[in-house]
Amino acid sequence: MSRTALITGATAGIGEACVRNMVAHGWRCIATGRRAERLTALVAELGADKVHAACFDVTDEAARDAALADLPASFAGIDLLVNNAGLALGTAPAQGSDLDQWKTMIDTNVTALVSLTHKLLPALIERNGAVINLSSVAANYPYPGGNVYGGTKAFVRQFTLGLRSDLHGTGVRVTSIEPGMVETEFTMVRTGGNAEAHQKLYGGADPMTADDIAETVRWVAQLPPHLNINTLELMPVSQSYAGFQIARES
Ligand code: NAP
């Protein structure tokens, strides 16, 4: 029997790749995001029996609830929630950053994620479902300019682990996926559309692709029901850790 996944942020990058991958492996997907034309194109390409477009801003709970209330019967039983929608805004140090950007990251990456999870948990428990949250290596390794973005992703990781504890005995599986550098629209969004910054970061680095992460998400989702991946950190081979920084007098 075909299972249904709700994937947030499916208009680009990792979320869109997840929809393609999951559909190719027999899943039905509810694809969400703000850019309606991209969702419509996905439905046209993959088929309305496989993909349902639910267009809403994840921070707008009323719009989200209206879209979820409007699901066709064949998409109404959600087995998997992929909390992928998210963003980083800005690369400035905390002392030079824009508070509105900080609030947008918290609203999107944290508040909207917990709100949607809270809404779907009863149904996921009923269906022995699963939650896969997109955290980041930024949750685990601080870097200059990562401030609130890293904080939101650390929240996502810890929230995931807390959910695991709370859902003990329910059969619901919960996973935090923590990727390093993936070439998507992420850096364009972060820098307000700076193509040079995008090229500088990814150029020559052989970064991970959205398909790499989608394949991982799909693999986690299709593991046998007795197996739970708690956290999974991935990086391209070209990326590794750097040391501490030391500020010296003079
Ligand atoms: P992306 O290409 O920029 O895609 C982000 C997706 O999130 C888009 O579909 C966007 O859709 C959606 N989104 C953002 N704000 C939204 C809002 N308010 N309401 C609804 N949807 C919203 O970035 P990506 O790299 O695929 O990122 C996906 C996730 O992976 C994020 O949580 C990110 O933090 C995480 N991640 C990325 C990387 C990386 O290197 N790329 C590494 C680690 C973790 P609309 O704009 O159409 O709404």
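Quick caveat: nothing in here was measured; it's all calculated off a predicted structure. As the structure lists them, so they are numbered: ligands from 1, and atoms in each ligand from 1.
Annotation for Asp206: atom CG does not count as buried by contact number, only 12 or fewer foreign heavy atoms lying within 6.0 Å. Annotation for Glu126: atom CD does not count as buried by contact number, only 12 or fewer foreign heavy atoms lying within 6.0 Å. Within 6.0 Å of CD on Gln245 lie no more than 12 heavy atoms contributed by other residues, nucleotides or ligands.
Counting heavy atoms under 4.0 Å from ligand 1, residue Val58 touches it through both backbone and side chain. Neither the backbone nor the side chain of Glu183 has a heavy atom within less than 4.0 Å of ligand 1. Here Ala138 has no heavy atoms under 4.0 Å from ligand 1, in either its backbone or its side chain. For Phe56, every heavy-atom contact with ligand 1 shorter than 4.0 Å involves the backbone, none the side chain.
Scanning the protein for heavy atoms near atom 14 (C) of ligand 1, the closest one is Arg34 NH2, 3.5 Å. Nearest non-hydrogen protein atom to atom 12 (C) of ligand 1 is Gly9 CA, 3.6 Å. Looking only at heavy atoms of the protein, atom 18 (N) of ligand 1 is closest to Asp57 OD1, 2.9 Å. Ranking the protein heavy atoms by distance from atom 2 (O) of ligand 1 puts Glu185 N, 3.2 Å first. The protein atom (non-hydrogen) at minimum distance from atom 44 (C) of ligand 1 is Ser135 O, 3.1 Å. Protein heavy atom closest to atom 36 (N) of ligand 1, with residue, atom name and distance, is Tyr149 OH, 3.8 Å. Nearest non-hydrogen protein atom to atom 5 (C) of ligand 1 is Gly86 O, 3.8 Å. Counting protein heavy atoms only, atom 9 (O) of ligand 1 is closest to Thr11 OG1, 2.7 Å.
Counting heavy atoms only, Ala85 comes closest to atom 22 (C) of ligand 1 of the residues Ala85, Gly13, Cys55. With Cys18, Ser136, Gly180 as candidates, the residue nearest to atom 38 (C) of ligand 1 on a non-hydrogen basis is Gly180. Comparing Asn84, Thr184, Val82, Thr8 by heavy-atom distance to atom 31 (C) of ligand 1, the nearest is Asn84. Checking Thr104, Val189, Ile14 against atom 37 (C) of ligand 1, the nearest heavy atom belongs to Ile14.
For the pair Leu42 and Glu16, the minimum side-chain heavy-atom distance is below 4.5 Å. In this structure, the side chains of Trp27 and Thr4 stay at 4.5 Å or more apart for every pair of heavy atoms.
Under the side chain to side chain contact (heavy atoms under 4.5 Å, CB included) test applied with Leu81, the options Ile30, Leu120, Ile132 reduce to a single match, Leu120. Considering Gln158, Arg157, Glu233 in turn, Arg157 is the only one that fulfils the side chain to side chain contact (heavy atoms under 4.5 Å, CB included) rule with Ser176. Of the residues listed (Asn230, Leu167, Leu223, Val131), the one engaging Arg173 in a side chain to side chain contact (heavy atoms under 4.5 Å, CB included) is Leu223, and it is the only one.
For ligand 1, the polar-atom distance check finds an N/O of Val182 within less than 3.5 Å of one of the ligand's N/O atoms. Between Thr59 and ligand 1, not a single N/O pair is under 3.5 Å apart. Any N or O atom pair closer than 3.5 Å counts here, and Pro179 shares no such pair with ligand 1. Residue-to-ligand polar distances keep Met181 apart from ligand 1: every N/O pair is separated by 3.5 Å or more.
Contact analysis puts Lys153 in contact with ligand 1, with a non-hydrogen atom separation below 4.0 angstrom. Remark: distances from the non-hydrogen atoms of Ala88 to ligand 1 are all 4.0 Å or more. At least one heavy atom of Ala10 sits less than 4.0 Å from an atom of ligand 1.
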Give the C-alpha distance, both sets of side-chain angles, the deciding distance and a yes or no for side-chain contact (heavy atoms from CB on, under 4.5 Å) between His52 and Cys29. CA-CA 6 Å; His52 174 76; Cys29 290; over 6 Å; no
List the steps, then state whether side-chain contact (heavy atoms from CB on, under 4.5 Å) holds for His25 with Gln222. CA-CA 10 Å; His25 287 84; Gln222 292 196 175; 3.7 Å; yes
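Residues Arg38 and Glu45 are not paired through a salt bridge, judged by the lack of any N-O separation under 4.0 Å between the basic side chain and the carboxylate.
Between the CG atom of Asn109 and the NZ atom of Lys153 there is a distance of 4.5 Å, given to the nearest 0.5 Å.
Between Asp57 and Thr59, the side chains place a donor N or O and an acceptor N or O closer than 3.5 Å (distance only, hydrogens not considered).
Aromatic ring centres of Tyr149 and Phe186: separated by under 6.0 Å.
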